[in-house]
Structures are given as structure tokens and as C-alpha cells.
Amino acid sequence: MKSVVTTVVTAADAAGRFPSQNDLEAVQGNIQRAAARLEAAEKLAAGLDKVTREAGDACFNKYAYLKQPGEAGDSQVKVDKCYRDLGHYLRLINYCLVVGGTGPLDEWGIAGAREVYRSLGLPTGPYVEALIYTRDRACSPRDMSPQALNEYKSYLDYLINALS
Amino acid sequence: MLDAFSRSVVSADAKTAPVGGSDLVGLRSYVQNGNKRLDAVNAITSNASCIVSDAVTGMICENTGLIQAGGNCYPNRRMAACLRDGEIVLRYISYALLAGDASVLDDRCLNGLKETYIALGVPTQSAARAVAIMKAAATALIGETNSPASGGKRFRKMDTTQGDCSALVAEAGAYFDRVIGAVS
């Protein structure tokens with residue numbers, strides 16, 4: 001799992017040397033930003049179901065045709081799966097906030113997503129719409145502190161770019 | 001390879017649950033004690049060659065047969081291999097201590113180590129003893145509990161801020177014990 005610490009350790013191991021001062025400084029920099037990340041992760045975990053619900057509602061409100069026959073959300077089962085997927089994405093963002101890197105999103109969310117969506121005939125546009133809504137909906141200090149919000153939104157943006 | 005953070009993520013993913021609330025307590029303490037941890041890693045890396053050579057010397061002093069003809073540290077070539085292995089083990093322990101998780105030590109160092117030693121005819125008992133001496137030296141350096149009496153000519157005390165680092169001493173000790181458990 002890619003994170004600052006594992007990257008540093010992998011590099012040191014490849015060179016066969018002990019962690020150097022540079023490595024320790026890199027980890028120290030990561031730790032300094034960690035408080036904001038963990039705050040965002042905690043707040044997101046606490047409100048995960050609500051955020052998912054709002055994101056899905058926003059997407060189906062904007063693209064109402066998705067619920068018409070033959071579209072991606074023409075049965076309740078399919079609609080539920082859209083909400084489930086959004087929940088998964090937000091959970092992965094929670095993981096990224098914990099790890100302090102995009103590793104969880106890359107490995108479990110984005111790798112292969114394009115192929116899966118294409119083979120299932122699913123549009124990614126509505127996911128992007130739901131995530132953009134989620135990003136713009138979050139605000140400080142109502143939801144979390146400004147620095148935490150910044151971390152949270154940067155991972156949302158990363159996912160939006162990957163799906164766009 | 002995992003660190004303390006990705007370890008909690010992997011176990012949360014197995015339950016498809018987000019990481020929140022109580023899971024974050026341990027991670028917050030990692031963050032809070034971050035500087036202590038870096039000092040602990042530094043205590044090991046700065047004294048690496050001393051820790052390793054002292055451990056191998058101690059191991060041989062307790063069992064001088066190792067450097068007599070036919071012993072496993074005779075001739076110099078095999079003694080050098082022994083010092084090299086000691087340094088490798090200590091290096092992976094320093095990685096594990098930095099990451100706050102033993103996965104790097106397990107995956108890259110301990111996996112198959114015992115089988116390799118048995119195949120090469122390395123006495124695992126002596127290897128475990130050398131690691132035990134490294135543990136004593138490293139934990140004394142991290143916790144600053146070493147004394148001139150036990151350090152002798154090469155006594156060294158790290159110049160770090162005084163504080164309670166018992167948790168880190170215990171964690172580092174656990175990684176050494178993991179190595180001892182894996183080879184014996």
C-alpha cells in the first residue's frame with residue numbers, strides 16, 4: 001500500500017541502507033499534516049451514510065432519465081447499487097485520508113474501473129456529478145476544519161479526475 | 001508492505017467499514033509520538049555498526065567454538081557474512097519501527113529465513129542470541145537506560161529530549177522478539 005512511509009522504506013531497502021535523515025524528515029513532514037487528515041477521516045466516517053445518500057440523490061435529481069426503462073437505474077436494485085458504489089468510493093477516500101496517499105483509491109477503486117464500467121454499460125458522468133456535488137456541498141467550519149476540508153476535497157478531486 | 005495507517009485501512013476494508021472513531025485512537029498516538037519514533041529510529045541507525053558488531057562479538061565470546069576451525073564464524077569470510085546478516089536484520093527492524101508495523105520485516109526478511117539458515121547450516125541458536133544482544137543494546141539506546149558500566153569504552157547516550165518512551169521501547173523489543181521467534 002503506497003504511503004509516505006512505505007515509499008521511503010522501499011527506496012531505502014532498494015539501496016540497502018538504513019533510514020537516513022532525509023527519510024526521517026519526509027516522514028516527519030507527513031506526520032505534521034496527519035492531524036488534519038485524521039480529522040477529515042473521522043468526520044467522513046461518522047457521516048458516511050448521509051453523505052452517500054445526498055450524493056446519490058443529487059445525481060439522480062440531475063439525471064432523472066437514469067431511472068427510465070433501459071437506463072442504468074431502471075430498477076430499485078440497480079439504483080441501490082449506485083448508492084452502494086458511491087458509498088464504496090467515499091469509504092476509499094476515508095482510507096486515503098487515513099493513509100495520507102492515494103494508494104487505496106488507486107488499488108481498490110480506480111484500477112480497472114474504466115474496463116468494468118464499459119463492460120457493464122454504465123455511464124461514469126453521473127458518478128462524477130455526485131462526487132462534484134459532494135465536494136461543493138462540504139464546507140468549513142460546519143463539516144470540518146479548513147485544513148481537513150482541503151485534504152478531503154483534494155482526494156475527491158483526484159477521484160473526479162480519474163473518472164472524468 | 002504496510003505501515004500503521006495502511007494496516008488499519010486493510011483491516012477496515014475486510015469489514016467494508018470506514019476507519020473512524022476508536023480505530024483512529026492508535027493512529028493519533030502514532031502521530032502524537034511521531035518525533036519520539038523518529039528519535040528511536042535514529043538511535044538505531046546512528047549506532048547500527050556498534051550494535052551489530054557488539055552483538056556478534058558477544059555471541060562469539062559466549063561460544064568461542066564459533067571462531068575455531070570448523071566453527072560457523074571461521075574463517076573471516078563467514079564472520080563477515082554473520083556481521084552482514086546482523087546488519088540486515090537490524091535494518092529491517094528499523095524499517096518496521098519507522099512504519100509502526102511488522103509487515104516489512106515479515107515479508108522481506110523473516111519469510112524463509114529459518115529455512116535458509118537450516119539449509120546453510122547456520123546455528124539458529126547463535127543467530128537468536130546475537131539478535132537478543134542487539135535487542136538489549138537497541139532498547140537501551142532508545143530508552144536511554146544504558147549506563148557507562150554496561151557500555152564500557154563505547155558508551156553512548158543519545159542527546160534527545162527526556163520523556164516517556166516505554167511504548168516505543170516495548171514496540172522495538174517486540175520486533176526483535178519477532179526475529180528471535182522466527183529463527184528459533
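To find a chain, count down the sequence lines: A is the first, B the second, and so on, and within it residues start at 1. Scope of the values below: all heavy atoms of this structure, side chains included, with no hydrogens, waters or symmetry mates.
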Centres of the A/Tyr155 and A/Tyr158 rings: under 6.0 Å? no
Using non-hydrogen atoms and a 4.5 Å limit, figure out which bit of B/Glu87 sits close to chain A: side chain, backbone, both or neither. both
Just so I understand: if I count every heavy-atom pair under 4.5 Å between each of A/Ile31, A/Leu48, A/Val98 and chain B, which residue has the most? A/Val98
Of the backbone (N, CA, C, O) and the side chain (C-beta and beyond), which part of B/Arg37 lies under 4.5 Å from a heavy atom of chain A, both, or neither? neither
Between A/Ser20 and chain B, which part of the residue has a heavy atom less than 4.5 Å away: side chain, backbone, both or neither? neither
Between B/Phe5 and A/Arg37, is there a cation-pi geometry (under 6.0 Å to ring centre, at most 45° from the normal)? yes
Option that, when pairs with chain B are counted at under 4.5 Å, heavy atom only, ranks first among A/Gly16, A/Cys96, A/Gly101: A/Gly16
B/Ser46-B/Asn42 side chain donor-acceptor pair, cut-off 3.5 Å: yes
Please flag which part of A/Leu38 lies under 4.5 Å from any non-hydrogen atom of chain B: side chain, backbone, both or neither. both
Okay, A/Val4 and chain B: the region with an atom under 4.5 Å from a heavy atom over there is neither
Taking side chain as everything from C-beta outward and backbone as N, CA, C, O, which of these in B/Thr16 sits under 4.5 Å from a heavy atom of chain A? Side chain, backbone, both or neither. both
N/O donor-acceptor pair under 3.5 Å between A/Arg91 side chain and B/Pro18 backbone: no
Does one side chain, of A/Ser3 or B/Asp3, offer a donor that lies under 3.5 Å from an acceptor on the other? yes
With a 4.5 Å cut-off on heavy-atom pairs, point out which of A/Gly103, A/Ala41, A/Ala34, A/Ala12 contacts chain B the most. A/Ala12
Is the backbone of A/Ser145 close enough, under 3.5 Å, to the side chain of A/Glu39 for a donor and an acceptor to pair up by distance? yes
Can you name the residues of residues 108-123 of chain A that have some heavy atom under 4.5 Å away from a heavy atom in chain B? A/Trp108
Who among A/Asp13, A/Val8, A/Asp23, A/Val5 has the most heavy-atom pairs with chain B under 4.5 Å? A/Asp13
Pick one of side chain, backbone, both or neither for B/Asp13, based on which atoms fall under 4.5 Å of a heavy atom in chain A. both
Between B/Leu90 and chain A, which part of the residue has a heavy atom less than 4.5 Å away: side chain, backbone, both or neither? both
For B/Ser29, which residues count as a side-chain hydrogen bond (donor to acceptor under 3.5 Å, both in side chains) partner, sequence neighbours excluded? none
Measuring heavy-atom distances to chain B, does A/Gln32 have an atom under 4.5 Å in its side chain, in its backbone, in both, or in neither? neither
Donor-acceptor check, side chain of A/Lys43 to backbone of A/Leu149, threshold 3.5 angstrom: yes or no? no
Structural part of B/Ala4 lying under 4.5 Å from a heavy atom of chain A: neither
Non-hydrogen atoms of chain A under 4.5 Å away: do they reach the side chain of B/Val31, the backbone, both or neither? both
With a 4.5 Å cut-off on heavy-atom pairs, point out which of A/Leu90, A/Leu92, A/Asn30, A/Val27 contacts chain B the most. A/Val27
Indicate, with yes or no, if A/Val51 and A/Ile132 share a hydrophobic cluster defined by side-chain heavy-atom contacts under 4.5 Å among Ile, Leu, Val, Met, Phe, Trp and Tyr. yes
Is the NZ atom of B/Lys36 crowded by more than 12 outside heavy atoms at less than 6.0 Å? yes
Side-chain heavy atoms of B/Arg91 within contact of B/Ile88, under 4.5 Å: yes
In terms of hydrophobic clustering (I, L, V, M, F, W, Y; side-chain heavy atoms under 4.5 Å; direct or indirect links), are A/Leu163 and A/Tyr83 co-clustered? no
What part of A/Pro19 lies closer than 4.5 angstrom to a heavy atom of chain B: side chain, backbone, both or neither? both
Hydrophobic cluster membership, A/Tyr63 vs A/Ile160, 4.5 Å side-chain cutoff: no
